[in-house]
Amino acid sequence: MRGLRGIILVVVMVAFSACLAPQSAHMTGVDARSWRRAESITYINNDTLSLRDMNIVLRHNSDLKQNTLPLKIAITTPDARYFEEIREVKLQQSKTAFTVAATNSIPYRTNVLLSQRGCYIISFEPLSEVRGVEAIGVEFRDNKD
């Protein structure tokens, strides 16, 4: 009887996980006491055909008092093309007394096609000193529209 319950549980878990959009998050730690310089992540792309949504992922603690975070975001493609922009990221902060750290996934770009195989370098730099951010990165979600 236990074996049957285990099999049913595995089948149900697989069925539910099949409904979720595949995703991939890549993050780097920053100085939570005083983040002020650019931090980069490297994303190795092998899929040149899929459309994806790209989110900025930010992990922060209760020391972060800002509701918006102005960032310079720079992307270098495998063929050394460089794109940079300033983006003001709006944060949703949880206001409970027990929150030690929270993670925000903020939409950045939709229907992104990474048309080249290879290494993409994505850099995040705050425009002023920030306290309370522990890690920042990017999340790719398959776009099934």
Next item on the list: Only pairs at least two apart or in different chains count here, so list each salt bridge (charged side-chain N to carboxylate O under 4.0 Å, His left out) that has a residue in residues 100-123.
Entry: Glu85-Arg109
Notebook entry, point to check: Does Met27 share a hydrophobic cluster with Tyr43, counting links as ILVMFWY side-chain heavy atoms below 4.5 Å and allowing steps through other members?
Noted result: no
Next item on the list: Starting from the C-alpha separation in whole Å, work towards a yes-or-no answer on side chain to side chain contact (heavy atoms under 4.5 Å, CB included) for Ile56 and Ile136.
Entry: CA-CA 7 Å; Ile56 296 170; Ile136 191 162; 4.2 Å; yes
Notebook entry, point to check: With a 4.5 Å limit on heavy-atom distance, are the side chains of Leu91 and Ile106 in contact?
Noted result: yes
Note to self: Please give the remaining members of the hydrophobic cluster of Leu113, linking ILVMFWY side chains under 4.5 Å, ordered by chain and number.
What the structure shows: Leu51
Next item on the list: Would you give the length of the straight line joining atom CD of Glu129 to atom CZ of Arg33, rounded to the nearest 0.5 angstrom?
Entry: 11.0 Å
Notebook entry, point to check: What is the distance from atom CZ of Arg87 to atom NZ of Lys72, rounded to the nearest 0.5 Å?
Noted result: 15.5 Å
Checklist line | Gap between atom OG1 of Thr76 and atom CD of Glu84 - 0.5 Å precision | finding: 9.5 Å
Next item on the list: Please list all pairs passing the ring pair (Phe, Tyr, Trp, His ring centres under 6.0 Å) test where one or both residues lie in residues 73-92, with sequence neighbours left out.
Entry: none
Notebook entry, point to check: For Asp79, does its backbone N or O pair with a side-chain atom of Gln116 as donor and acceptor, under 3.5 Å?
Noted result: yes
Item checked: Non-hydrogen atoms of Ser123 and Ala38 that approach each other most closely -> OG-CB, 3.6 Å
Check: Who are the salt bridge (Lys or Arg N to Asp or Glu O under 4.0 Å) partners of Arg52, not counting sequence neighbours?
Finding: none
Item checked: Selection residues 101-131 - residue pairs positive for ring pair (Phe, Tyr, Trp, His ring centres under 6.0 Å), sequence neighbours left out -> none
Item checked: Separation between NZ of Lys90 and CG of Leu69, rounded to the nearest 0.5 Å -> 12.0 Å
Next item on the list: With the side chain counted from C-beta on, respond yes when Met54 and Ile75 share a heavy-atom pair under 4.5 Å apart, and no when they do not.
Entry: yes
Checklist line | Polar side-chain atom of Asp53 near backbone of Asn111 as donor-acceptor pair, under 3.5 Å | finding: yes
Notebook entry, point to check: Are Val89 and Ile41 connected in a single hydrophobic cluster, I mean Ile/Leu/Val/Met/Phe/Trp/Tyr linked by side-chain heavy atoms less than 4.5 Å apart?
Noted result: yes
Next item on the list: Could you check Val130 against Val30 for side chain to side chain contact (heavy atoms under 4.5 Å, CB included), going step by step and ending with a plain yes or no?
Entry: CA-CA 10 Å; Val130 179; Val30 302; over 6 Å; no
Next item on the list: Give the intermediate values and the outcome of side chain to side chain contact (heavy atoms under 4.5 Å, CB included) for residues His26 and Ile122.
Entry: CA-CA 10 Å; His26 305 271; Ile122 305 164; over 6 Å; no
Next item on the list: Supply the members, apart from Leu127, of the Ile/Leu/Val/Met/Phe/Trp/Tyr cluster built from side-chain contacts under 4.5 Å; use none for a lone residue.
Entry: Ile86
Notebook entry, point to check: Could you state the interatomic distance from CD (Glu134) to CZ (Arg59), rounded to the nearest 0.5 Å?
Noted result: 5.5 Å
Item checked: Donor-acceptor under 3.5 Å (Asn55 side chain, Val57 main chain) -> no
Next item on the list: Please round to the nearest 0.5 Å and tell me the distance separating atom OG of Ser50 and atom CZ of Arg141.
Entry: 15.0 Å
